[in-house]
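For reference, the structure is listed below as structure tokens.
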Amino acid sequence: MKKIFLFALLYSFYFTHAQQNLVKYVKPIIGTEKMGHTYPGATVPFGAVQLSPETDTISYELNGKYNGEVYKYCAGYKYEDKTIVGFSHTHLSGTGHSDLGDFLIMPTQGKLQLNPGTAANPKSGYRSAFSHANEKAEAGYYKVKLDDDGILAEMTATTRVGMHQYTFPKSDESHIILDLMAGIYNYDQKDVWTYVRVINDTLITGYRQTNGWARTRTVYFAMSFSKPFKEYGQKNYDTKQPYRGFWGKFDQNKNFPEIAGKKIRMYFDFKTEEAEKIKIKFSLSSVSQENALQNMQAEIKDWDFEKVKNQAQAIWNKELNEINITASEDTKVNFYTAMYHTFINPTTYTDVNGQYKGLDQGIHQADGFTNYSTFSLWDTYRALHPFFNIIQPSRNNDMVKSMLAHYNQSALHMLPIWSHYSNDNWCMSGYHSVSVISDAIIKGIYNGDENQALEACITTANHRNYEGIGSYIDLGYIPAEKSGISVSNTLEYAYDDWCIAQIAKKLNRTDVYNEFIKRSENWKNNFDKTTGFMRPKLADGTFKKEFDALSTHGQGFIEGNSWNYSFFVPQDPTQLVTQMGGKKSFASRLDTLFSMYLPDSFFAETEDITREGIIGGYVHGNEPAHHVAYFYNWTDEPWKTQSQVRKILKMQYKPTPDGLGGNDDCGQMSAWYLFSSLGFYPVAPGSDEYSLGSPLVNNATLTLENGKNFTIEAINQSDKNVYVQKVLLNGKPLNSLFIKHSAITNGSKLTFYMGSKPKKYLIK
């Protein structure tokens, strides 16, 4: 009854509060082609289930080495492909590395085939050809016709349950395959163990344990059919298992109710009438099979697919209506698809009863908060979490609490670096949890014990045997001999240390503030004044002689080069300007960055950066320089920020499958778009200020959790009128290039007057 009541409330809210239908502007297909690495399938905001198609089964390794082709399948789906292998329940959105793809389901007809076949010959296996003409991807809903067998596949989701609906032709040989070997970034030994228990002719439960990006990941499931299957069976593809006990007494391949092994594929047989629909509810849990079943029973009580779909889209519409904009139709598509992508991750990691598996592999109860996973922090600290602090503050508060729970359960006593399914993947550089925590504390979002949060940040920052921190503390930089990403780490640690100093300052911890504000200046140790670039430094204190500012290989940087990373001092642009020779020289260097030409050899060194994501030498398709367009605001030429921001918005974001210039990275690329199209950006999370740019929207109203509205108006805004002539805050001149967080949360109106020519004296 509670769920029915909630469903009624959602629809009541939808119709009585005059919400706009914003779901129609969401195009999940954006970013599925080329470098976006998004997926088109069904999920709900921050959902634990991401039910989406896979278009191939590329192995992570080839002849014992990394297979570069697998990188194209980080989200499982590649728009350019012509076949679908099946539909699995877990996906990462927009990442440059991957995992997941659990519990792949595929409906088929005719002779049973348990291998996936090949893209060149789909009929050699259970995969099917498909056409984009017969495909639809919406917020909370996906459908496609599987051409080989004429089966219509539809799917939707709740937070913890995926719902399938397959419309079959008439046949005595209809099958639903459950591939428990399939996965993304798979390799031969990734599947550690699989267990399946057939409860009755409509219900099975089980779990899958894998060793991948997350090395100790166990996902439990419950799977329920709307119609009893005639019979079922399995095939175990593990031919190398040396010991099988005495289970050989049974024929385990057909109609056997308890299956276990490393490489299992199952099938369920049905007789179907013409246009008969077979539905599946598939729920997940990190804790147990019992919890997975409880999640299913709580979230989808019946077999009304349309009701679940409508509920998912009503939830999406409610979230999207937190911001209402007036803009062109293409801008609305880009904007609301960006909102959709920002609200996919992090993902819910608690069951309906509040339980979750912790980093210590024990079962924990989330007391007063929702626990979240999937923290791609090297990316998302920059704009995604700051965006949440405005539009999703309660969720971001819970996300900070999730990070602190991670810290408390960590055997290493560290905050998360890249948190994923009760694991830390240790991916990328910096300890950027402290940025997210600092930003939440400085902006009054976090309601827990701030001193305990500070201690967790300090302990993480002093973990001497992690990624050169010991050398960083002792020398003020990381010697190039000790790390291939020594410069990146030094720069990012320095920023994170500044974030710690901001918390300490707020809490009157003077000793901590003095220590970490000093550490925040360590970026200067890698800055070569003679060249104006950040560069690797050796243990003897000299700069490494072999140096190429354009190269991304062997220069001390991760996913970037010195041209982009030399501007990575978001915590102190004023000092960086001074070090680079003053405002005029600094602006000139920015001009060069945005106008230079990169040779083809640059792209040979990295799979994360392509020409689509670059403007001059500025790499927008990757994150390290996302703040750099706003750095003109620290010079005497702020109109160039306005011009460059609008150029980036136009060139890097399009309402097409290839519309993202780089990996969306769990919403960071999309969050940059949202901030920048609204006219401001958080250059240094941990500060209470945002830097002004050039709004792309004509009007926007942000409905805040505290009941107040923040309104943005851009008068005379157009493709030509990209330059700000003046800015008013609540009708009064804003003689600044910055706006405070409190001005937003207190409810105010920010008015931009736009023109076609730069206003060189915007600030009086």
Mind running ring pair (Phe, Tyr, Trp, His ring centres under 6.0 Å) on H89 and F87 for me, showing each step along the way? CA-CA 7 Å; H89 294 79; F87 309 94; 9.4 Å; no

One pair to check against side chain to side chain donor-acceptor pair (under 3.5 Å): N622 and E559. What are the steps and the verdict? CA-CA 7 Å; N622 224 323; E559 294 192 8; 3.2 Å; yes

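- Looking at residues two or more places apart in sequence or on another chain, you find a salt bridge (Lys or Arg N to Asp or Glu O under 4.0 Å) between E319 and R395.
- Salt bridge annotation for K143-E135: absent, with no cationic side-chain nitrogen under 4.0 angstrom from a carboxylate oxygen.
- Between T202 and N200, the side chains place a donor N or O and an acceptor N or O closer than 3.5 Å (distance only, hydrogens not considered).
- At least one cation-pi condition fails for K277 and W303: the charged atom is not both under 6.0 angstrom from the six-membered ring centre and inside a 45 degree cone around its axis.
- Side-chain contact check for K227 versus E276: some heavy-atom pair is nearer than 4.5 Å.
- Judged as a salt bridge (Lys or Arg N to Asp or Glu O under 4.0 Å), and not counting sequence neighbours, D201 has no contacts.
- Heavy-atom neighbours of K230 NZ from other residues, nucleotides or ligands within 6.0 Å: above the threshold of 12.
- For the residue pair Y349 / S422, a side-chain donor-acceptor distance below 3.5 Å is found, with atom types taken as modelled.
- A side-chain donor from one of T55 and D81 sits under 3.5 Å from a side-chain acceptor of the other.
- Classification of D179 and K235 as a salt-bridged pair fails, no side-chain N sitting under 4.0 Å from a carboxylate O.
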E612 vs K34, salt bridge (Lys or Arg N to Asp or Glu O under 4.0 Å): CA-CA, chis, key distance, verdict: CA-CA 9 Å; E612 290 94 337; K34 294 185 178 178; 3.5 Å; yes

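- For the residue pair Y195 / E258, a side-chain donor-acceptor distance below 3.5 Å is found, with atom types taken as modelled.
- Counting only residues at least two apart or in different chains, salt bridge (Lys or Arg N to Asp or Glu O under 4.0 Å) contacts with residues 241-257 comprise E231-K254.
- Between the side chain of Q109 and the main chain of P169, a donor-acceptor pair closer than 3.5 Å is present.
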Test F343 against F46 for ring pair (Phe, Tyr, Trp, His ring centres under 6.0 Å), laying out the working first. CA-CA 6 Å; F343 290 171; F46 309 98; 5.7 Å; yes

As a quick check of understanding, evaluate side chain to side chain donor-acceptor pair (under 3.5 Å) for E154 and Y141, giving each step before the final call. CA-CA 7 Å; E154 299 175 90; Y141 175 68; 2.6 Å; yes

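- Legend: residues meeting salt bridge (Lys or Arg N to Asp or Glu O under 4.0 Å) with K170, ordered by chain and number and at least two apart, are E273.
- Between the side chain of N317 and the backbone N or O of Q313 there is no donor-acceptor pair closer than 3.5 Å.
- I315 has its side chain within reach of Q311: a pair of non-hydrogen atoms, C-beta onward, lies under 4.5 Å apart.
- Residues S131 and D147 bring no donor and acceptor atom of their side chains to less than 3.5 Å of each other.
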CA sep, side-chain torsions, deciding dist, call: D330, K654, salt bridge (Lys or Arg N to Asp or Glu O under 4.0 Å): CA-CA 8 Å; D330 279 356; K654 298 180 177 67; over 6 Å; no

Go through the steps for Y653 and H620 under the test ring pair (Phe, Tyr, Trp, His ring centres under 6.0 Å), then give the verdict. CA-CA 11 Å; Y653 301 88; H620 188 75; 5.6 Å; yes

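- In this structure, the salt bridge (Lys or Arg N to Asp or Glu O under 4.0 Å) partners of D102, at least two apart in sequence or on a different chain, are R208, R217.
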Show, in sequence, the C-alpha distance, side-chain angles and deciding distance for D658 and T656, and conclude whether the side chain to side chain donor-acceptor pair (under 3.5 Å) test is met. CA-CA 5 Å; D658 63 347; T656 56; 2.8 Å; yes

Walk me through whether Y185 and Y73 qualify under ring pair (Phe, Tyr, Trp, His ring centres under 6.0 Å). CA-CA 8 Å; Y185 270 45; Y73 293 90; 9.5 Å; no

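- Between D191 and K262 no salt bridge is recorded (no basic side-chain N to carboxylate O distance below 4.0 Å).
- Environment of NZ in K78: crowded, with over 12 heavy atoms of neighbouring residues, nucleotides or ligands closer than 6.0 Å.
- The line from CG of L284 to OG1 of T348 is 12.0 Å long, rounded to the nearest 0.5 Å.
- Side-chain atoms of Q355 and N291 include a donor-acceptor pair closer than 3.5 Å.
- F103 and F282 have tilted rings, their planes meeting at an angle from 30° to 60° on a 0 to 90° scale.
- For the 3.5 Å distance criterion, the side chains of H175 and D269 qualify, holding a donor opposite an acceptor.
- Checked by atom type and distance alone, the side chain of K281 pairs as donor or acceptor with a backbone atom of I300 at under 3.5 Å.
- A side-chain donor-acceptor contact under 3.5 Å links T32 to the backbone of I29.
- Side-chain atoms of Y39 and Q50 form no donor-acceptor pair, as typed in the model, at a separation below 3.5 Å.
- Looking only at side-chain heavy atoms (C-beta outward), N186 and S59 stay at 4.5 Å or farther from each other.
- Aromatic ring pairs are classed by plane angle as parallel below 30°, tilted from 30° to 60° and perpendicular above 60°; the pair H132 and Y79 is parallel.
- Side chain of D424 to main chain of W426: a donor-acceptor pair is present (N/O by atom type, distance under 3.5 Å, no hydrogens or angles).
- With contacts defined as side-chain heavy-atom distances shorter than 4.5 Å, the pair I30/T38 does not qualify.
- A tilted orientation is assigned to the rings of W418 and W213, their planes being inclined by 30° to 60°.
- Within a 6.0 Å sphere centred on NZ of K263, other residues, nucleotides and ligands contribute more than 12 heavy atoms.
- With R127 as the partner, the salt bridge (charged side-chain N to carboxylate O under 4.0 Å, His left out) test is satisfied by one option alone out of D56, D149, D148: D56.
- In this structure, the ring pair (Phe, Tyr, Trp, His ring centres under 6.0 Å) partners of F229, at least two apart in sequence or on a different chain, are F225, Y232, F268.
- Between Q252 and Q234, the side chains place no donor N or O within less than 3.5 Å of an acceptor N or O (distance only, hydrogens not considered).
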